[in-house]
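A short write-up of the structure that comes next.
What you see is a predicted model; the values in this text were computed from it and never measured. Note that the numbering runs from 1 along the sequence shown for the chain.
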Amino acid sequence: INLKGNVQLDELGPDDKLVKTIKARRLTVNSSSNTVHAPEDFVLNDASGTVYGRSGVFDYAANTGYINDGSFAHGGFFFSGRLVELSPGRHRYKKARLTSCEETPPHFKIRASRIYLAPGSYFLAYNNFFYLGRVPVFYFPYLIYDLKYDWPWMRVAGGKSGDFGYYTYTKIGVDLH
């Protein structure tokens with residue numbers, strides 16, 4: 001089935017509650033293989049959040065899929081990747097970027113070869129380069145961050161000033177009550 005226009009495809013659970021929504025200008029639905037192909041920009045929304053992509057395929061039966069040039073905001077972080085693989089409870093970003101800066105373009109970011117994200121649980125990133133603006137500042141091979149707990153908390157801020165150029169400010173701590 002080929003759908004064009006302002007398309008919205010909803011998946012309902014056994015109790016007729018909304019489980020997943022895909023919105024796009026064009027969708028191809030293959031009911032025999034339970035797949036949906038989005039050849040253009042689309043938005044996929046489910047319980048973990050909203051994923052944006054340039055194109056992709058989703059298998060409703062297996063609850064898996066992939067997205068080209070995908071992005072996702074979760075837990076104060078913005079994740080993006082050239083290829084995003086979706087599986088139940090996990091996103092895998094290849095040729096990935098990560099930031100908590102809300103500016104476009106971000107003042108600081110981490111570029112990683114891959115990021116594993118378990119929404120609401122943790123993210124794990126490999127082969128990380130930390131950038132201030134367009135300048136790579138340092139490399140670290142492994143980064144893991146627990147999204148379930150707010151401790152030890154980490155605050156990262158960055159920017160650019162006439163006196164100091166690009167800068168980053170980090171704080172890591174534990175709240176004592």
Other residues, nucleotides, ligands: >12 heavy atoms within 6.0 Å of Arg54 CZ: no

Arg111 atom CZ, neighbour heavy-atom count above 12 within 6.0 Å: no

Thr21 and Asn45 side chains, donor-acceptor separation under 3.5 Å: no

Pair Asp10-Gln8, side-chain donor/acceptor within less than 3.5 Å: yes

Please name all residues satisfying side chain to side chain donor-acceptor pair (under 3.5 Å) with [X], sequence neighbours left out, ordered by chain then number.
X	value
Thr104	none
Ser80	Arg97
Thr28	Asn2

Residues forming a salt bridge (Lys or Arg N to Asp or Glu O under 4.0 Å) with Lys95, sequence neighbours excluded: none

For Tyr131, the rest of its hydrophobic cluster, which grows through side-chain links under 4.5 angstrom: Phe129, Tyr139

Remaining members of hydrophobic cluster (4.5 Å side-chain criterion), Tyr122: Tyr116, Leu124, Tyr126, Tyr142, Ile144

Contact check, side chains of [X] and [Y], non-hydrogen atoms, under 4.5 Å:
X	Y	answer
Phe72	Pro119	yes
Leu18	Leu12	yes
Ile22	Leu27	yes
Asn68	Ser55	yes

Is [X] linked to [Y] within one hydrophobic cluster, defined over Ile, Leu, Val, Met, Phe, Trp and Tyr using a side-chain heavy-atom separation of less than 4.5 Å?
X	Y	value
Val7	Val57	no
Phe108	Tyr145	yes
Phe123	Tyr52	no
Leu86	Val29	yes
Leu98	Phe140	yes

Write down the atom of [X], the atom of [Y], and the distance for their closest heavy-atom approach.
X	Y	result
Phe77	Ser100	CD2-CB, 4.1 Å
Ser113	Asn127	OG-ND2, 3.0 Å
Gly81	Tyr93	N-CD2, 3.8 Å
Thr99	Pro106	OG1-CB, 3.8 Å

Ring centers of His91, Phe79 separated by less than 6.0 Å: no

With His37 via ring-ring contact (aromatic ring centres under 6.0 Å, His included) - residues at least two apart: none

Residues which pass ring-ring contact (aromatic ring centres under 6.0 Å, His included) with Phe58, listed by chain and number, not counting sequence neighbours: Tyr60

Pairs meeting criterion salt bridge (charged side-chain N to carboxylate O under 4.0 Å, His left out) with involvement of residues 20-30, two or more places apart: Glu11-Lys20, Arg25-Glu40, Arg25-Asp41, Arg26-Glu40

Of all residues at least two apart in sequence or in a different chain, which pass the side-chain contact (heavy atoms from CB on, under 4.5 Å) check with [X]?
X	answer
Ala62	Asp59, Thr64
Ala125	Ala112, Ile115, Asn128, Leu143
Ser32	Asn30

Salt bridge flag under 4.0 Å for residues Glu85 and Arg90: no

Rounded distance (nearest 0.5 Å) linking atom OG of Ser31 with atom CD1 of Ile1: 5.5 Å

Separation of Leu83 CG from Asp69 CG (nearest 0.5 Å): 9.0 Å

